[in-house]
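Report on the following structure.
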Amino acid sequence: MSGRLKLRRAVVVDAEPLTVEVDGERRRAWADTALLGEMRVGDEVVVNVTALDLGLGSGGFDIVHVNLTRGLEASGDAPEHVLKLNYTSLQHPVAPVELPVRLSNRDGGKGAPEQIMPVLVLPLHGHLAPAAWAAAQASPGLKLGYVQTGGGALPGPLGRDVAELRGRGLLCDHLTAALAYGGEREALSVAGALDAAADGLGWDAALVGPGPGIIGSDTRLGHGGMAALDNAHAALALGLPTLLSPRLSGADPRERHRGVSHHTLTVLELLLGGVEVAAPEGYEDVNSQLADAAGDRHRLRKAQPDLDGYAATGLPARTMGRNIADDPLFFAAPLAAGACLRREE
C-alpha cells in the first residue's frame, strides 16, 4: 500500500541554491523550473518533504510541488496533445520524438532502425560521464547521445552531469524516455527513443540508463538496476548491437555490491538474449566473475580503462562519497565500456 503525499507549505528564502523554510526550519530544495516556473525569494510554495525527512542520501532534499505565488499563471496553450506524468498532478504536454509507422511494419517487417547504432546500457547514472569521455577518446567525433530512463531520478534537468557533458561536446543530445521527462527531446518508450536516435536523429551511438539517485529496496529485483534489463531488451528487440556496462566495486561497504554487483548478475541471468559485457583489463578476479556470469549466452569485451586520464578531466568522479583513488574498480567499468563503444560500419 502506498503512503500519502507528505506536502507542506514553505517560503523560498534563497534562490541559489534553492532553500525553503518549513515551520521555521531552513531546508534544501529543488524545483523543476521548466514545469513550475521561476522561484524567487519570498515566494510561497508547496513542497514534498518525504525524502529529506527520511534522510535519503542523493535524494535528501525537498521537492517543490507548486509555486503558489507565481506558478498558477501558465496559459496552457501548448500545441502538443501527448502527456507525460499522465494522470498525476504534474501531467504536461510533450512532443514525442518517435518516428511514424513504417510501411515495413504493415508488410510484416519488424521495423528495425536502418542504421546500426551500438547501444551501451548503463547500470546507474554514475557511469554516464566516464563512459561518454572514454567513448570520445576512443572515437573522436562520435555523435553520442544519452537516453535517460526510469530507475533513478525522472526529471531530466535534475542531474548536473548531463549539462556538463553537453557543454564539453561529449554528448550530442539528451532524450528522456518513458517515465523520465524534461530532456531536450521526449520519447514515450525506450524503444521509441532508440529507434528515433538511430534513424531520425542520426546518432552514431547511444548511452541508455537511469538518472541520478538509483532506487533501492534491499531486495533482489526491487531496485533501479532492473532498468538495465528493460533497456537492453529494447535495444536487442530493435536489432542494435548491445553492450552492458557492469556495476563493479572494490570498496562498497555492502557485500552485495562488491566485485560484480548483484544488480549486474541478475540482469545477466534474466536477459532473454545475448549481449556483450564490458570487462576492464587489469582486474582479472572480477573479469573471471563476469565470465562465469556471462556463461555461453553473453560475450566479454575487454578494454583498458584510462583511470589517470579521466581523473585529470575534472568530470564527475565520485560515487557514494568515494573518489577514483578510493574505488578505481567502479570507474574502470564505464571507462572500459566507453572505450568499447564505436559506431558499427
Side-chain angles (χ1 to χ4, degrees), residues 2-3 5 30 32 34-35 48 50-51 54 56-59 63 82-94 96-98 119-129 131 145-162 171 173-197 206-238 240 242 244-247 261-264 266-268 270-272 275 319 334:
S2 300
L5 290 175
W30 181 79
D32 190 337
L35 285 183
N48 187 315
T50 303
L54 288 175
L56 300 182
S58 58
I63 305 289
V82 176
L83 297 179
K84 275 209 170 179
L85 298 181
N86 46 311
Y87 299 101
T88 75
S89 63
L90 295 178
Q91 63 184 2
H92 59 279
V94 299
V97 75
E98 275 86 351
V119 175
L120 174 55
V121 177
L122 308 177
L124 69 177
H125 199 68
H127 279 213
L128 177 64
Y146 170 46
V147 177
Q148 180 176 333
T149 72
L154 299 180
L158 180 63
R160 294 185 294 271
D161 295 5
V162 174
L171 288 178
D173 209 346
H174 175 209
L175 205 162
T176 39
L179 295 177
Y181 68 93
E184 295 170 59
R185 306 178 196 270
E186 301 279 9
L188 301 184
S189 70
V190 175
L194 294 175
D195 181 56
L207 304 175
V208 55
I214 193 168
I215 302 166
S217 65
D218 196 16
T219 63
R220 178 172 178 263
L221 300 178
H223 53 78
M226 295 306 296
L229 181 67
D230 299 334
N231 296 339
H233 281 154
L236 289 170
L238 291 171
L240 299 173
T242 305
L244 183 71
S245 182
R247 180 173 179 174
S261 168
H262 79 101
H263 286 194
T264 294
T266 301
V267 169
L268 291 175
L270 296 181
L271 272 166
L272 298 177
V275 300
T319 175

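Remember, it's a predicted structure, so these values are computed and weren't measured experimentally.
- Distance alone, capped at 3.5 Å, places no donor-acceptor pair between the K84 side chain and the L188 backbone.
- Applying the side chain to side chain donor-acceptor pair (under 3.5 Å) test between H174 and each of E184, Q148, R185 identifies Q148 as the sole match.
- Interatomic distance, Y146 OH to D173 CG, rounded to the nearest 0.5 Å: 12.5 Å.
- Inter-residue side-chain proximity for H127 and V121 is flagged as unmet; no heavy-atom pair is nearer than 4.5 Å.
- To the nearest 0.5 Å, atoms CG (L179) and CG (L154) are separated by 6.0 Å.
- Minimum interatomic distance between G159 and P212 (heavy atoms only, all atoms of both residues): CA-CG, 3.9 Å.
- Between L122 and L128 the shortest heavy-atom distance is CD1-CA, 3.8 Å.
- Counting heavy atoms from C-beta outward, I214 and H263 have side chains that approach closer than 4.5 Å.
- A153 approaches L158 most closely through the heavy-atom pair CB-CD2, 3.4 Å.
- In this structure, N231 contributes its side chain and A227 its backbone to a donor-acceptor pair below 3.5 Å.
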(message) Would T149 and D230 count as a side chain to side chain contact (heavy atoms under 4.5 Å, CB included) here? Give the steps.
(response) CA-CA 10 Å; T149 72; D230 299 334; over 6 Å; no
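- Atom OH in Y181 sits 4.5 Å away from atom CG in D32 (nearest 0.5 Å).
- Across every non-hydrogen atom of A187 and V97, the tightest pair is CB-CG1, 3.8 Å.
- Between L221 and M226 there is a side-chain heavy-atom pair separated by less than 4.5 Å.
- Of the inter-residue distances, the one linking I215 atom CD1 with L124 atom CG reads 12.5 Å to the nearest 0.5 angstrom.
- Without hydrogens or angle criteria, S261 side chain to R247 main chain gives no donor-acceptor distance under 3.5 Å.
- Atom CG in N86 sits 7.0 Å away from atom CD in Q91 (nearest 0.5 Å).
- Nearest heavy-atom pair across N48 and L5 is ND2-CD2, 3.7 Å.
- Residues V119 and V147 form no side-chain contact, since every pair of their non-hydrogen atoms from C-beta on lies 4.5 Å or further apart.
- Nearest approach of V267 to A228, heavy atoms of both residues: CG2-CB, 4.2 Å.
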